2 protein chains.
Amino acid sequence: MPKTSHATSGCAIARGLDLLGERWTGMIVRDALRGIDRFADFVAELGIAQDVLTKRLNALVAAGVMERIPYQEDGSRMRYRYALTPTGRQLATALASIGDWAAAHLPVDGGSTSHFVEAATGQRVRAALVTDDGRIVAPVDAQLVVPSAGS
Amino acid sequence: MPKTSHATSGCAIARGLDLLGERWTGMIVRDALRGIDRFADFVAELGIAQDVLTKRLNALVAAGVMERIPYQEDGSRMRYRYALTPTGRQLATALASIGDWAAAHLPVDGGSTSHFVEAATGQRVRAALVTDDGRIVAPVDAQLVVPSAGS
DNA sequence: CAGTATCCTGAACGATACTG
DNA sequence: CAGTATCGTTCAGGATACTG
């Protein structure tokens, strides 16, 4: 049981954490959401070792989060770029909520303010808990229910 | 710089991932949201080694996510329980979005359906991106803006 | 504390393109 | 057709973290 112990756990949170909790995975997805898509650019942005990046990208491709797309600049040889799939793009909510939380509760002096906006309007968007009928619920009023233990 | 390389990064997402990305931290917070608060119960639920749990709990206390509260059952010696602070409870949004995403995109046969509900009504709540005026935005229509580059 | 697994650093390797 | 540069990947090591 070396690394990801709860990978096939019945708990969805555990499975999601296994992916995002991998050392670099979250940062890769974050950069991909910024538009980064080339191997060399990920290396430059993250300072990640290349073989580790290879492993992480392969894992993300295997998980259906990213896809490997061949391209060729006119004079050059064939290269690959790595783009988020629709599935991967949906991680925006998760990363936004993590970022919002950290910005509010893990402040740092020169705190940057990277944030998500609605593409069409430029309006700032934040992660929130909403009911199926669109009502916003404060995190404090939310409760985690696990099916294993009754009620 | 062994483990958490981007801990003091200007990017809030990086700081948040440094915490939740730690091998066990997210699972500990998840169990805390379920009401677990005793050292032995965390060990039993997670199968984590005790010294590692100690380190993680200390880190969470240092980050202001959990607090260490003394208690004493009548015949017994002084013990400590670990409870989420208000700051820590706000991680519910992040964990809910991770769980929602994994449930939808990382399916597994006997997939459990742990989920968040509004405590008062029992209504299911999900993580979503909302504008400041309460409009819900699809993740696909969201865009990550980093202050470093213009705009 | 002992044994094992994982990670990171640095370097080497095949593959492709441009050069002369 | 060699000679060189770049890219993406893989290999070898030392350090670190986890489990029991």
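Note on naming: letters A, B, ... go to the chains in the order of the sequence lines (proteins, then strands), and numbering restarts at 1 for each one. What you are looking at is a predicted structure, and each value in this text was computed from that prediction instead of being measured.
- A 6.0 Å sphere centred on CD of B/Gln50 holds no more than 12 heavy atoms belonging to other residues, nucleotides or ligands.
- Residue A/Glu22 contributes atom CD, which lies 16 Å from atom P of D/dA17 at whole-angstrom precision.
- Between A/Arg81 atom CZ and D/dG8 atom P the separation is 13 Å, expressed in whole Å.
- A distance-only check finds no donor-acceptor pair linking the side chain of B/Glu22 to the backbone of B/Gly26 [under 3.5 Å].
- Both distances falling under 3.5 Å, in either a Watson-Crick or a G-U wobble arrangement, place C/dC7 opposite D/dG14.
- Pair check for D/dG20 finds C/dC1; Watson-Crick or G-U wobble, both atom distances under 3.5 Å.
- Of the candidate nucleotides D/dT19, C/dC8, C/dT16, D/dT19 has the atom lying nearest to any side-chain atom of B/Ile48.
- Counting to the nearest Å, the P atom of D/dA5 and the CZ atom of A/Arg77 are 16 Å from each other.
- Rounded to an integer number of Å, the gap from CG of B/Leu53 to P of D/dT19 is 10 Å.
- Residue B/Ser97 comes nearest to A/Ser97 through the heavy atom pair OG-OG, 3.0 Å, listed as atom of the first residue, atom of the second, then distance.
- We find that OH of A/Tyr80 is positioned 11 Å from P of D/dG8, with the value rounded to whole Å.
- Between the CZ atom of B/Arg23 and the C1' atom of D/dT16 there is a distance of 11 Å, rounded to whole Å.
- At most 12 non-hydrogen atoms from other residues, nucleotides or ligands lie less than 6.0 angstrom from CG of B/Asp74.
- Within the nucleic acid shown, A/Phe42 has no heavy atom closer than 4.0 Å to any nucleic acid atom.
- Checking the phosphate oxygens (OP1, OP2) of C/dT6, no side-chain nitrogen or oxygen of A/Trp24 falls inside 4.0 Å.
- Looking at heavy-atom distances under 4.0 Å, A/Arg38 makes no contact with the nucleic acid at all.
- For D/dT9, neither phosphate oxygen OP1 nor OP2 lies less than 4.0 angstrom from any side-chain nitrogen or oxygen of A/Arg56.
- B/Ala127 approaches B/Asp100 most closely through the heavy-atom pair N-OD2, 3.1 Å.
- Proximity of A/Thr54 to the phosphate of D/dG8: no side-chain N or O atom is located under 4.0 Å from OP1 or OP2.
- Atom CG in A/Leu46 sits about 12 Å away from atom P in C/dT9, given to the nearest Å.
- Between A/Asp51 atom CG and C/dC7 atom P the separation is 10 Å, expressed in whole Å.
- Taking for each of A/Val52 and A/Gln72 the nucleotide of DNA chain C with the nearest heavy atom, the 5'-most of the two is the partner of A/Val52.
- Mapping A/Tyr82 and B/Gly47 onto DNA chain D by nearest heavy atom places A/Tyr82 at the nucleotide closer to the 5' end.
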